[in-house]
K.L.:
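My questions all concern the structure below.
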Amino acid sequence: RTGVDRRFRGRETVGLMGQGGVYGQGDRDGDVIFCVGAIIRDDAGRLLLIRRGREPALGAWSLPGGRVEPGESDEEAVAREVAEETGLDVRVGALIGRLEIPAPEGGVFDIGDYAADVIGGRMRPGDDALEVAWVDPSELAPPEDAPMRQTPPGFVETLTRWGVLS
């Protein structure tokens with residue numbers, strides 16, 4: 001199997017839906033569900049975000065991404081999930097950050113978020129996304145701040161800590 005080493009030592013643990021577009025849930029306590037997300041910027045510095053069409057965080061704006069399928073590398077999963085959710089083709093770059101989030105039915109989502117660049121395709125919402133948009137970071141804020149674009153708890157703080165948002 002290619003891709004990132006699953007024993008990454010610098011993990012963060014955050015409560016609730018920290019960030020990343022993750023879909024599905026654990027089947028029992030102790031399950032680790034490997035997921036990926038894509039951090040994509042355009043020339044104007046905007047982030048590519050999807051508005052989630054499923055729980056957790058239904059209706060919130062988040063990074064495109066989801067589960068890593070059996071036999072897939074993280075890079076393959078990022079490219080597939082971005083294409084499914086946004087219609088865009090990407091070249092996957094470096095791992096920006098990794099975190100763990102408790103899954104709703106037990107277990108944990110282990111999420112690796114990667115830099116990516118658009119190389120083709122036509123932007124349109126698909127799969128689990130209600131909408132897809134290029135979003136100026138100034139439009140993002142935690143849910144309690146009643147922002148223009150609601151994000152899951154911990155999303156803005158995590159991307160800020162990683163240096164994605166200033």
Side-chain angles (χ1 to χ4, degrees), residues 1-41 45-70 72-82 84-86 90 92-117 127-129 132 135 137 139-145 147 149-166:
R1 181 175 167 102
T2 62
V4 76
D5 183 348
R6 297 276 183 219
R7 295 166 295 173
F8 182 80
R9 299 274 185 234
R11 288 196 172 105
E12 296 181 54
T13 302
V14 296
L16 303 173
M17 179 68 187
Q19 76 96 12
V22 292
Y23 307 113
Q25 47 198 354
D27 298 320
R28 62 188 186 281
D29 284 342
D31 281 350
V32 176
I33 302 136
F34 295 110
C35 301
V36 293
I39 298 172
I40 305 167
R41 288 187 173 273
R46 299 175 300 176
L47 283 172
L48 182 68
L49 299 180
I50 55 116
R51 192 161 67 88
R52 298 179 53 78
R54 291 190 186 172
E55 293 292 353
L58 174 68
W61 289 89
S62 192
L63 301 174
R67 286 184 186 211
V68 177
E69 298 294 334
E72 244 181 350
S73 70
D74 281 8
E75 294 81 0
E76 291 166 334
V78 169
R80 177 184 51 76
E81 287 288 345
V82 170
E84 288 175 1
E85 294 182 354
T86 71
V90 295
V92 181
L95 177 68
I96 299 298
R98 187 174 268 321
L99 68 154
E100 292 181 346
I101 300 170
E105 298 296 320
V108 66
F109 292 122
D110 181 329
I111 307 165
D113 286 326
Y114 290 81
D117 296 309
D127 195 38
D128 298 334
V132 60
V135 177
E139 297 180 43
L140 303 176
E144 62 274 7
D145 292 341
R149 296 190 190 261
Q150 182 178 353
T151 59
F155 180 83
V156 172
E157 296 82 0
T158 299
L159 292 184
T160 299
R161 192 169 43 255
W162 290 348
V164 174
L165 303 178
S166 46

K.L.:
To the nearest 0.5 Å, what is the distance between CD1 on Ile33 and CD on Glu100?
P.N.:
11.0 Å
K.L.:
Closer than 4.0 angstrom, basic N to acidic O: yes or no for Arg80 and Glu84?
P.N.:
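Here Arg80 pairs with Glu84 in a salt bridge, since their nearest N and O are under 4.0 Å apart.
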K.L.:
Would you compute the distance between atom CG of Asp110 and atom CG of Asp31 and round it to the nearest 0.5 angstrom?
P.N.:
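Asp110 atom CG to Asp31 atom CG measures 12.5 Å (nearest 0.5 Å).
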K.L.:
Are any of the side-chain heavy atoms of Tyr114 and Val90 separated by less than 4.5 Å?
P.N.:
no
K.L.:
Does any N or O in the side chain of Glu85 come within less than 3.5 Å of the main-chain N or O of Gly65, such that one atom is a donor and the other an acceptor?
P.N.:
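Yes; judged by distance alone, with no hydrogens or angles, the pair exists.
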K.L.:
Using a 4.5 Å cut-off on heavy atoms from C-beta on, say whether the side chain of Val92 contacts that of Val82.
P.N.:
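No; the side chains remain at least 4.5 Å from each other.
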K.L.:
How close do Ala103 and Phe109 get, heavy atom to heavy atom, and via which atoms?
P.N.:
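Distance-wise, the nearest heavy atoms are CA-CE1, 3.8 Å.
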K.L.:
Check Leu95 against Gly112 and note the closest heavy-atom contact, atom names and distance.
P.N.:
CD1-CA, 3.9 Å
K.L.:
Would you name the heavy atoms of Leu165 and Pro137 that are closest together and state the gap between them?
P.N.:
CD2-CB, 3.6 Å
K.L.:
Are Arg41 and Leu47 packed together at the side-chain level, in the sense that at least one heavy-atom pair is separated by less than 4.5 angstrom?
P.N.:
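SC-SC contact between Arg41 and Leu47 confirmed.
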K.L.:
Do Asp74 and Arg98 have side chains that get closer than 4.5 Å, going by heavy atoms?
P.N.:
yes
K.L.:
Once you round to the nearest 0.5 Å, how far does CG of Leu48 lie from CH2 of Trp61?
P.N.:
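Leu48 atom CG to Trp61 atom CH2 measures 9.5 Å (nearest 0.5 Å).
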K.L.:
Once you round to the nearest 0.5 Å, how far does CG of Leu159 lie from CG of Leu140?
P.N.:
8.0 Å
K.L.:
Could you tell me the separation between the CG atom of Leu63 and the CD1 atom of Ile39, rounded to the nearest 0.5 Å?
P.N.:
5.5 Å
K.L.:
Looking only at heavy atoms, which two atoms of Pro102 and Val108 are closest? And how far apart?
P.N.:
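It is N-CG2, 4.2 Å.
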K.L.:
Shortest non-hydrogen contact from Thr86 to Pro64?
P.N.:
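Looking at all heavy atoms of both residues, the shortest contact is CG2-CB, 4.1 Å.
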K.L.:
Output the distance between atom OG1 (Thr151) and atom CD (Glu139), rounded to the nearest 0.5 Å.
P.N.:
12.0 Å
K.L.:
Do you know which two heavy atoms are closest between Ser62 and Arg52, and how far apart they sit?
P.N.:
CB-CD, 3.9 Å
